[in-house]
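Hydrogens, waters and symmetry mates play no part in the numbers below; they use all other heavy atoms, side chains included.
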Amino acid sequence: MINEKLATVKKNIPSNVTLVAVSKTKPNELIEEAYKAGQRIFGENKAQELKNKAEVLPKDIQWHFIGHLQRNKVKYIAPHTSLIHSIDSIQLLTEVNKQGLKNNRIIDCLLQFHIATEESKFGLSLEEATELLNSNDFLNLKNIKIVGVMGMASFINNEEQVRNEFIRLKDIFTQLNNNFFKKTETFQTISMGMSGDYQIAIEEGSTMIRVGSAIFGNRN
């Protein structure tokens, strides 16, 4: 039962950690089941799927976009998303800003960092993020707000390596906070940890975990 799985996950996380229930590929009925159990934050990784779900499911759901986002798909999620986890370029951020302006809203975003060993993972390096945040292009964006960082650890059984990757992301967050966001109270999200490693992530400072299979069962 989804409500039981949800209760188990919530029991294992501190009150200062936000749970994103990863509902990608899952049918609306299962999301409604989790919603009835009190869950309000859901994560999707396909823009069209997020749009379709947001249009028919309860309006107080907060939709997080957690997948790799193509610029031409931003328009689908801009009216609906409460947080985009996967900003990895100034070009993408500029498009989010443009769509935020069109929808008369400021869209919260996380900078995604490449902390894993797998080449297939997306994300910025600290140097690239520093360049982005120092750029005039960034300073002119008024319809986005950077509220934290996101990263995905390597998908391996080596706990020490996974822990070190989470430590690295926390360190990046601290550096960005000190250098760019000291006067910004809203810069406080560290989105790291999924079904297999969220306990380690929380131990290393995660404030937001993205959990799918531990709530909804394995992906189809």
### Query
In this structure, are over 12 heavy atoms from other groups packed under 6.0 Å from K5 atom NZ?
yes
### Task
Please report the C-alpha distance between S82 and H64 in whole Å, then the side-chain angles of each, then the deciding distance to 0.1 Å, and finally whether the side-chain contact (heavy atoms from CB on, under 4.5 Å) criterion is met.
CA-CA 6 Å; S82 65; H64 286 205; 3.4 Å; yes
### Summary
Of I90, L139, L111, the one forming a side chain to side chain contact (heavy atoms under 4.5 Å, CB included) with L133 is L111
### Task
May I have the step-by-step check of side-chain contact (heavy atoms from CB on, under 4.5 Å) for L19 and I215, ending in yes or no?
CA-CA 11 Å; L19 171 63; I215 296 169; 4.2 Å; yes
### Query
Centroid-to-centroid, F173 to F113, below 6.0 Å?
no
### Result of checking L93, I87, T81 against I107 for side chain to side chain contact (heavy atoms under 4.5 Å, CB included)
T81
### Query
If you measure from CG on L126 to OG1 on T130, what distance do you get to the nearest 0.5 Å?
4.5 Å
### Query
Donor-acceptor pair, N97 side chain versus N143 backbone, under 3.5 Å?
yes
### Task
Scan side-chain atoms only and decide if T207 and T189 contain a donor-acceptor pair under the 3.5 Å cut-off.
no
### Query
For the residue pair M194 and D197, what are the closest heavy atoms and their distance?
N-OD1, 2.6 Å
### Task
Nearest 0.5 Å please: distance from the CD atom of E165 over to the CD1 atom of I115.
5.5 Å
### Query
Yes or no on side-chain contact (heavy atoms from CB on, under 4.5 Å) for Q39 and K10, after CA distance, side-chain angles and deciding distance?
CA-CA 10 Å; Q39 182 63 22; K10 285 183 173 172; 3.4 Å; yes
### Task
Taking all heavy atoms of N45 and all of G67, pick out the closest pair and write down the distance.
CB-CA, 3.6 Å
### Query
Would you call M192 and E204 a side-chain contact if the rule is heavy atoms closer than 4.5 Å?
yes
## Note on the structure
Of all heavy-atom pairs linking V211 and S195, the shortest is CG1-OG, 3.3 Å
### Task
Measure up the F187 and F181 rings against each other and bin them: parallel (under 30°), tilted (30 to 60°), perpendicular (over 60°).
parallel
### Query
When you check the side-chain N and O atoms of Q199 and E203, is any donor under 3.5 Å from an acceptor?
no
### Query
Looking at CD1 of I77 and NZ of K46, how far apart are the two atoms once the value is rounded to the nearest 0.5 Å?
13.0 Å
#### Entry: I144 vs F138, side-chain contact (heavy atoms from CB on, under 4.5 Å): CA-CA, chis, key distance, verdict
CA-CA 10 Å; I144 57 95; F138 173 72; 3.9 Å; yes
### Task
On the 0 to 90° scale, with breaks at 30° and 60°, tag the H68-F122 ring pair as parallel, tilted or perpendicular.
parallel
### Query
Is F65 reachable from L57 through a run of hydrophobic residues whose side-chain heavy atoms are each under 4.5 Å from the next?
yes
### Task
Mark yes or no for whether S154, through its side chain, and I156, through its backbone, hold a donor-acceptor pair below 3.5 Å.
no
### Query
If two hydrophobic side chains count as joined below 4.5 Å and joins carry through other members, does L141 share a cluster with V74?
yes
#### Entry: Closest non-hydrogen atom pair, G43 against V20
N-CG1, 3.6 Å
### Query
V96, L124: one ILVMFWY side-chain cluster at the under-4.5 Å cut-off?
yes
### Query
Has the side chain of S23 got a donor or acceptor atom that lies under 3.5 Å from a matching backbone atom of K26?
no
#### Entry: More than 12 heavy atoms from other groups under 6.0 Å of CG on N72
yes
### Task
Please check if the side chain of R105 supplies one atom and the backbone of A78 the other of a donor-acceptor pair under 3.5 Å.
yes
### Query
So how far is it from L50 CG to K73 NZ, rounded to the nearest 0.5 Å?
12.5 Å
### Query
In Å, rounded to the nearest 0.5 Å, how long is the span from CG of N16 to CD1 of I202?
8.5 Å
### Query
Less than 4.5 Å apart, any side-chain heavy atom of Y35 and any of P58?
yes
### Message
Hydrogens and angles aside, do H85 and S191 bring a side-chain donor and acceptor to less than 3.5 Å of each other?
### Response
yes
### Query
Between I84 and L92, is any pair of side-chain heavy atoms under 4.5 Å apart?
no
### Query
Rounded to the nearest 0.5 Å, how far apart are CZ of F166 and OH of Y198?
12.5 Å
### Query
Can L176 be reached from L110 by stepping across I, L, V, M, F, W or Y side chains whose heavy atoms are under 4.5 Å apart?
no
### Message
If you define the side chain from C-beta out and look only at heavy atoms, does anything of F42 sit under 4.5 Å from Q62?
### Response
no
### Query
If we only count heavy atoms from C-beta on, is the V17 to I209 side-chain gap below 4.5 Å?
yes
## Note on the structure
Correct closest heavy-atom pair for C109 and L83 would be N-CD1, 3.8 Å
### Query
How close do Q112 and S86 get, heavy atom to heavy atom, and via which atoms?
OE1-CB, 3.2 Å
### Contact check, side chains of H80 and E55, non-hydrogen atoms, under 4.5 Å
yes
### Task
Flag the pair I66 / E44 as yes when at least one side-chain heavy-atom distance between them is below 4.5 Å, and no otherwise.
no
### Message
Can you confirm whether K98 is buried at NZ, in the sense that more than 12 heavy atoms of other residues, nucleotides or ligands lie under 6.0 Å from that atom?
### Response
no
### Query
Under 3.5 Å, is there a donor-acceptor pair between the side chain of N104 and the main chain of G100?
no
### Query
Is the closest basic N to carboxylate O distance between E49 and K24 below 4.0 Å?
no
### Task
May I ask you to check whether E32 and N28 show a side-chain donor-acceptor distance below 3.5 Å?
no
### Task
Decide if atom CD of Q161 counts as having more than 12 heavy atoms of other residues, nucleotides or ligands within a radius under 6.0 Å.
yes
### Task
Verify, without hydrogens or angle tests, whether K51 (side chain) and K75 (backbone) share a donor-acceptor contact under 3.5 angstrom.
no
### Message
Under 4.5 Å between side-chain heavy atoms, counting indirect links through other Ile/Leu/Val/Met/Phe/Trp/Tyr residues: same cluster for M208 and I200 or not?
### Response
no
### Task
Kindly check if the number of other-residue, nucleotide or ligand heavy atoms within 6.0 Å of CG (D60) is above 12?
yes
### Message
Quick check against the 3.5 Å criterion: does Q175 have a side-chain atom that pairs as donor or acceptor with the backbone of I172?
### Response
no
### Message
Checking E95 against Q91: is there a side-chain donor and acceptor pair closer than 3.5 Å?
### Response
no
### Query
Within a strict 4.5 Å, meaning less than it, do heavy atoms of the I190 and V149 side chains meet?
yes
